[in-house]
Amino acid sequence: RNLKGLAVDDNASARRITASYLDAFTFLVTEAESGEEAIAAIAEADAEATPFDLVLVDWQMPGMDGITLAGQIKNELPLNHRPVVIMLSAHCIPVDELWAEFLAVHLGPGGDPLICGVYGRQEPLPDSSAMDARDLWTTFRDERQVQRTDYFFHNANSAIRKSLWSRYPFDEEINGVEDRAWAKHMLTMGCRILYEPLARVYHQHGIHQGRNEGRARRVAKAIRYIQE
């Protein structure tokens, strides 16, 4: 039978891209721009005996966020059929279906065993601000790089070797750029970081969050800490 999918995101561009992935896997796709709209669509479809099978939810939305929406779907809505819910975070959406393969290949049997983590390219969406688009285009270049001393690492689009992650997780006491602190530590152990530009995602906001001065102060403080 045909499966039904619901794409939930307050950002129109991100929602359309999420819906296109459902469509590529032959789902019958409906879109919702808020948690409240998603609740109404799910309840109506269930009452009509045409329930959704899969719901892709943006984690961070105004009003009802993705976590609240997922909790209501799982525990509160009186549904005959509860859909599978997948949470999307960090405003990142793969550009194509090969995204994960380009990350994983470097950590598999044929990859360099010294590579501890791989991060990929981030690109702006059509409605990203000019400042955010500038940040992404100037930070994430076209050339693959193996980093031996440069500890820049961005976990919004990345893969980490599980055997190392279990022993050396992120330092949760660092309030910002904990991914770079982790990368710096791993490089001091003789590991390497790889940047793979073919692992591409759309990122709605830039890595510097536009003109968010409060976030900039927090990140600057964290960077000073890991540089010491």
Side-chain angles (χ1 to χ4, degrees), residues 9 11 13-14 16-18 20-22 24-25 56 58-60 86-126 128-129 131-171 174 176-209 219 222-223 226-227:
D9 199 312
N11 180 276
S13 296
R16 285 194 296 270
I17 294 169
T18 301
S20 73
Y21 279 101
L22 288 169
F25 286 95
L56 298 183
D58 179 26
W59 169 61
Q60 196 170 37
I86 295 178
M87 194 77 64
L88 305 175
S89 66
H91 300 96
C92 284
I93 302 171
V95 171
D96 56 47
E97 67 275 9
L98 297 176
W99 155 77
E101 293 184 35
F102 282 122
L103 292 174
V105 67
H106 297 290
L107 302 177
D112 183 347
L114 291 179
I115 299 295
C116 61
V118 185
Y119 68 101
R121 182 182 178 91
Q122 299 179 30
E123 303 176 11
L125 285 163
S128 295
S129 72
M131 287 182 293
D132 286 339
R134 175 205 60 194
D135 289 347
L136 293 172
W137 282 328
T138 57
T139 301
F140 298 98
R141 305 295 184 87
D142 296 331
E143 184 178 358
R144 181 183 297 132
Q145 297 284 346
V146 176
Q147 299 167 205
R148 295 171 174 81
T149 58
D150 179 6
Y151 54 85
F152 180 84
F153 183 68
H154 205 288
N155 66 353
N157 174 26
S158 67
I160 293 174
R161 196 175 295 279
K162 185 178 180 181
S163 59
L164 293 174
W165 175 256
S166 61
R167 288 181 286 161
Y168 308 105
F170 286 172
D171 183 350
I174 299 176
V177 295
E178 61 276 8
D179 42 8
R180 297 189 210 179
W182 176 85
K184 182 179 181 181
H185 178 66
M186 300 311 295
L187 292 181
T188 63
M189 296 175 56
C191 295
R192 297 171 184 170
I193 298 291
L194 187 138
Y195 167 61
E196 175 52 79
L198 295 177
R200 303 163 56 210
V201 299
Y202 295 116
H203 197 165
Q204 196 273 331
H205 60 71
I207 63 172
H208 300 129
Q209 305 283 318
V219 170
I223 291 175
I226 66 178
Q227 286 177 337

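Computed from a predicted model, the values in this text were never measured in an experiment. Numbering starts at 1 and runs along the sequence shown.
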Check: T139 side chain, L136 main-chain N or O, donor-acceptor pair, under 3.5 Å: no
D179 side chain vs N155 backbone, donor-acceptor pair below 3.5 Å: yes
Partners passing ring pair (Phe, Tyr, Trp, His ring centres under 6.0 Å) against F152 (at least two apart in sequence or in another chain): Y119
Is there a side-chain contact between [X] and [Y], using heavy atoms and a 4.5 Å cut-off?
X	Y	value
D58	N11	no
D9	R16	no
L187	F153	no
P197	E143	no

Neighbour count >12 (heavy atoms, 6.0 Å) for atom CZ, F170: yes
Enclosure of W137 CH2 (heavy-atom neighbours >12, cutoff 6.0 Å): no
Table please: side-chain donor-acceptor pairs of residues 98-116 below 3.5 Å, with sequence neighbours left out.
from, atom 1, to, atom 2, distance (Å)
W99, NE1, N157, OD1, 2.6
H106, NE2, E196, OE1, 2.8
D112, OD1, L114, N, 2.9
D112, OD2, R192, NH1, 3.4

By side chain to side chain contact (heavy atoms under 4.5 Å, CB included) - contacts of Y168 (at least two apart): L164, W182, H185, M186, M189
For the student: nearest non-hydrogen atoms of A181 and I174, plus distance: CB-CD1, 3.5 Å
Nearest-0.5 Å distance, CG of residue L194 to CD of residue Q147: 8.0 Å
Parallel, tilted or perpendicular, as decided by the 30° and 60° cut-offs, for the rings of F140 and H154: perpendicular
NZ/NE/NH1/NH2 to OD/OE distance under 4.0 Å, R121 and D142: yes
